[in-house]
Amino acid sequence: MSAESLSKESVRFIENLRLYLFASGKKTEEIDEIVEELQGHLMEAEESGKNIHHVVGDSPEEYMQMISKEMKVDVTSWMMYIPLILIGGISFSIFGNLLEGSSFTLNYSLLQIIGIVLHGIFFLTGTVIAFRYVSRKQSLGIKQYVIIAVPIILSMLFYMAVLFINHLYSSPMYHFSLTTSLIVASLAAILVIGLSVWAKTAILPYVLIALHLPSYLLMYTNITEDNRLIIGMLISYVLIGAYFFFELRRLKNDTKE
């Protein structure tokens with residue numbers, strides 16, 4: 001059976017169901033079985049001239065929650081996924097720290113390390129909640145990207161607060177070699193790409209680039225540090241706003257097709 005013959009609404013529901021069940025900690029093999037069975041029912045219904053509601057009912061959201069409740073949480077797999085997703089959240093601070101200095105090495109204070117761990121937990125919790133929410137909704141449009149961006153932006157604001165406190169209070173420093181720094185940055189980049197492929201959205205790497213690249217490039221100008229911070233933030237917000245604008249246009253065009 002192939003999903004290519006299904007309607008866009010059915011394909012979108014299957015994708016959302018898969019994401020919702022995964023974000024709910026369900027076993028991958030069981031998710032595949034559920035999705036394959038549902039796909040068959042949807043194909044049979046559509047071949048008979050019926051729509052998705054004939055199979056999942058009037059509330060796709062309630063159907064997802066019902067399926068989720070009937071499945072056990074895959075604790076073992078999530079024990080492996082959690083560290084990977086945490087590092088995905090920590091990648092914000094890794095890339096920011098790496099680009100701050102001229103030697104491309106990571107340097108952290110004890111306060112920063114504690115803040116990074118809390119930042120990763122914050123990011124993980126917010127991301128799971130966001131993905132669970134948007135996957136239950138069938139037609140959020142641009143709101144889907146806004147909701148996914150919320151934990152990213154909030155976790156970044158949290159880390160910025162940590163940096164501010166770090167400037168006020170001194171704590172022991174830890175310096176990493178160039179080789180170690182590049183290895184850590186490479187692993188973080190791979191995880192960011194992996195998370196983006198899993199979530200089927202480029203918002204995470206795009207926001208990373210938009211937040212750090214302008215400030216990095218401004219370091220090579222004669223602009224004062226305070227002005228670089230302000231200008232860099234403005235450019236970052238413009239780039240992120242442009243991303244949402246073009247995503248909205250794309251979604252509108254998809255709807256017209």
Would you name the heavy atoms of Y20 and S68 that are closest together and state the gap between them? CE2-CB, 3.7 Å
E29: side-chain contact (heavy atoms from CB on, under 4.5 Å) partners, not counting sequence neighbours: K27
What distance do H54 atom NE2 and S48 atom OG have between them, rounded to the nearest 0.5 Å? 7.5 Å
Heavy-atom pair with the smallest gap, counting every atom of S171 and L111: OG-N, 3.2 Å
Look up atom CG in N107 and atom OH in Y174, then write down how far apart they are to the nearest 0.5 Å. 13.0 Å
Rounded to the nearest 0.5 Å, what separates atom CD1 in I165 from atom CD1 in I114? 11.5 Å
Tightest non-hydrogen contact, residues K26 and I31, listed as O-CD1, 3.7 Å
Could you state the interatomic distance from CD1 (I67) to NZ (K69), rounded to the nearest 0.5 Å? 12.0 Å
For S177, side chain to side chain donor-acceptor pair (under 3.5 Å) partners two or more places apart: T180
Can you name the ring-ring contact (aromatic ring centres under 6.0 Å, His included) partners of Y169, sequence neighbours left out? none
Restricting to side-chain contact (heavy atoms from CB on, under 4.5 Å), what partner residues turn up for V56, sequence neighbours left out? F13, L38, I52, P60, Y63
Between atom CG of L42 and atom CD of E46, what is the distance when rounded to the nearest 0.5 Å? 6.0 Å
Set of side-chain contact (heavy atoms from CB on, under 4.5 Å) partners for S59, sequence neighbours left out: E61, E62
Would L154 and I129 show up in the same hydrophobic cluster when neighbours are defined by side-chain heavy atoms closer than 4.5 Å? no
Before giving the answer on side chain to side chain contact (heavy atoms under 4.5 Å, CB included), spell out for L118 and V162 the whole-Å C-alpha distance, their side-chain angles and the decisive distance to 0.1 Å. CA-CA 10 Å; L118 294 176; V162 171; over 6 Å; no
Among all residues two or more places apart in sequence or in another chain, which pass the side chain to side chain donor-acceptor pair (under 3.5 Å) test with S181? none
L218 and T221 have their tightest heavy-atom pair at O-OG1, 2.6 Å
Should V184 and I190 be counted in the same cluster of Ile, Leu, Val, Met, Phe, Trp and Tyr side chains packed under 4.5 Å apart? no
Hydrophobic clustering (ILVMFWY, side-chain heavy atoms < 4.5 Å, transitive) - are M66 and L21 grouped together? yes
Scanning both residues in full, the closest heavy-atom pair of P214 with I209 reads CD-O, 3.5 Å
Nearest 0.5 Å please: distance from the NE2 atom of H41 over to the OG atom of S10. 13.0 Å
